[in-house]
Amino acid sequence: MQTLSKGGLSITYPSDWGYSEATSNYSIMSISKLDSIDAAGIGQVNINFEKKPIEGEFHTFVNTTYKSMPYDSSFKLISSGESVIADNREALEYIYTSNDNGVEREHKAVWFEKGGQAYVLLYSAPLSDFEANLYVFDYILSDIKIT
């Protein structure tokens, strides 16, 4: 197991995962399954950690992120609802699929609030790899340290 701390989060993850490049301007860190990292350093099976300033009320802010999904055929919302992560912290969870240039991916996003910031942990993988690697994301959520 390895540990990574950055941006107010500390995580523990398996040694067959490692630090990778992120594609979001809000990213504070990103890890990927090592054998899925491409030549650009971006993992095809990855977990991205982001932090965004909250504009307005937390639930409204998060839900607004997903409001346009029904109108964009490249995304399909599978489920959404409340969940709990480490230290009994309340969170919002969204599971959805995307299709980008013929590549279908599944995503699980878990949002929580701390100090006027919205944090989102986003697990993404091709459909064929999603279930097999979901345990890493679930472990991180159960063990994450928020400072």
Within a radius of less than 6.0 Å around [atom1] of [X], do more than 12 heavy atoms belonging to other residues, nucleotides or ligands occur?
X     : atom1 : answer
Glu57 : CD    : yes
Asn25 : CG    : no
Asp87 : CG    : no

Could you tell me which non-hydrogen atom of [X] sits nearest to which non-hydrogen atom of [Y], and how far apart they are?
X      : Y     : value
Gly7   : Ile28 : O-CD1, 3.7 Å
Thr147 : Leu9  : OG1-N, 4.5 Å
Gly41  : Ser20 : O-CB, 3.5 Å

Is there side-chain contact between [X] and [Y], with heavy atoms separated by less than 4.5 Å?
X      : Y      : answer
Thr97  : Ile78  : yes
Leu121 : Leu141 : yes
Val136 : Tyr139 : no
Arg89  : Val84  : no

With sequence neighbours excluded, tell me which residues meet salt bridge (Lys or Arg N to Asp or Glu O under 4.0 Å) with [X].
X     : result
Lys52 : Glu50
Asp16 : none
Lys33 : none

With sequence neighbours excluded, what pairs up with Phe130 under the ring pair (Phe, Tyr, Trp, His ring centres under 6.0 Å) test?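 Expected list: Tyr123.
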What pairs with Phe61 under ring pair (Phe, Tyr, Trp, His ring centres under 6.0 Å), at least two apart in sequence or on another chain?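 Ring pair (Phe, Tyr, Trp, His ring centres under 6.0 Å) list for Phe61, sorted by chain: empty.
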What distance do [X] atom [atom1] and [Y] atom [atom2] have between them, rounded to the nearest 0.5 Å?
X      : Y      : atom1 : atom2 : value
Asn46  : Ile37  : CG    : CD1   : 9.0 Å
Ile144 : Ser10  : CD1   : OG    : 8.0 Å
Trp111 : Phe58  : CH2   : CZ    : 7.5 Å
Ser124 : Asn133 : OG    : CG    : 12.0 Å
Ser83  : Glu93  : OG    : CD    : 4.5 Å
Lys51  : Ser24  : NZ    : OG    : 13.0 Å

Identified side-chain contact (heavy atoms from CB on, under 4.5 Å) counterpart of Ile54 within the set Lys114, Gln117, Glu113: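 Testing each of Lys114, Gln117, Glu113 against Ile54, the sole residue satisfying side-chain contact (heavy atoms from CB on, under 4.5 Å) is Glu113.
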Run the side-chain contact (heavy atoms from CB on, under 4.5 Å) test on Ile11 and Thr3 for me, step by step, so that the C-alpha distance in whole Å, both residues' side-chain angles and the decisive distance to 0.1 Å come before the verdict. CA-CA 6 Å; Ile11 61 166; Thr3 301; over 6 Å; no
If we ignore angles and hydrogens, is there a donor and acceptor under 3.5 Å between the side chains of Ser98 and His107?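 Judged by distance alone, the side chains do pair up.
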Any side-chain donor-acceptor pair under 3.5 Å between Asn48 and Ser27?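 Yes.
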Side-chain donor or acceptor of [X] paired with backbone N/O of [Y] under 3.5 Å:
X      : Y      : answer
Arg105 : Tyr96  : no
Lys76  : Ser74  : no
Asn63  : His59  : yes
Asp100 : Val103 : no

Out of curiosity, does [Y] fall in the hydrophobic cluster containing [X] (side-chain heavy atoms, cut-off under 4.5 Å, transitive links)?
X      : Y      : value
Ile146 : Ile31  : yes
Met1   : Phe49  : no
Val45  : Ile42  : no
Tyr66  : Leu92  : yes
Leu4   : Phe137 : yes

Test log, rule side-chain contact (heavy atoms from CB on, under 4.5 Å), inputs Phe112 and Val120: CA-CA 7 Å; Phe112 64 89; Val120 61; over 6 Å; no
Which residue pairs pass the ring-ring contact (aromatic ring centres under 6.0 Å, His included) test when at least one of the two sits in residues 2-40, sequence neighbours left out?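 Applying ring-ring contact (aromatic ring centres under 6.0 Å, His included) to every pair that reaches into residues 2-40, excluding sequence neighbours, yields nothing.
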side-chain contact (heavy atoms from CB on, under 4.5 Å) between Thr12 and Gln2, intermediate numbers included: CA-CA 5 Å; Thr12 304; Gln2 300 196 47; over 6 Å; no
Set out, in order, the CA-CA distance, both residues' side-chain angles and the distance that settles side-chain contact (heavy atoms from CB on, under 4.5 Å) for Leu134 and Lys108, then state yes or no. CA-CA 9 Å; Leu134 182 58; Lys108 182 175 181 180; 3.9 Å; yes
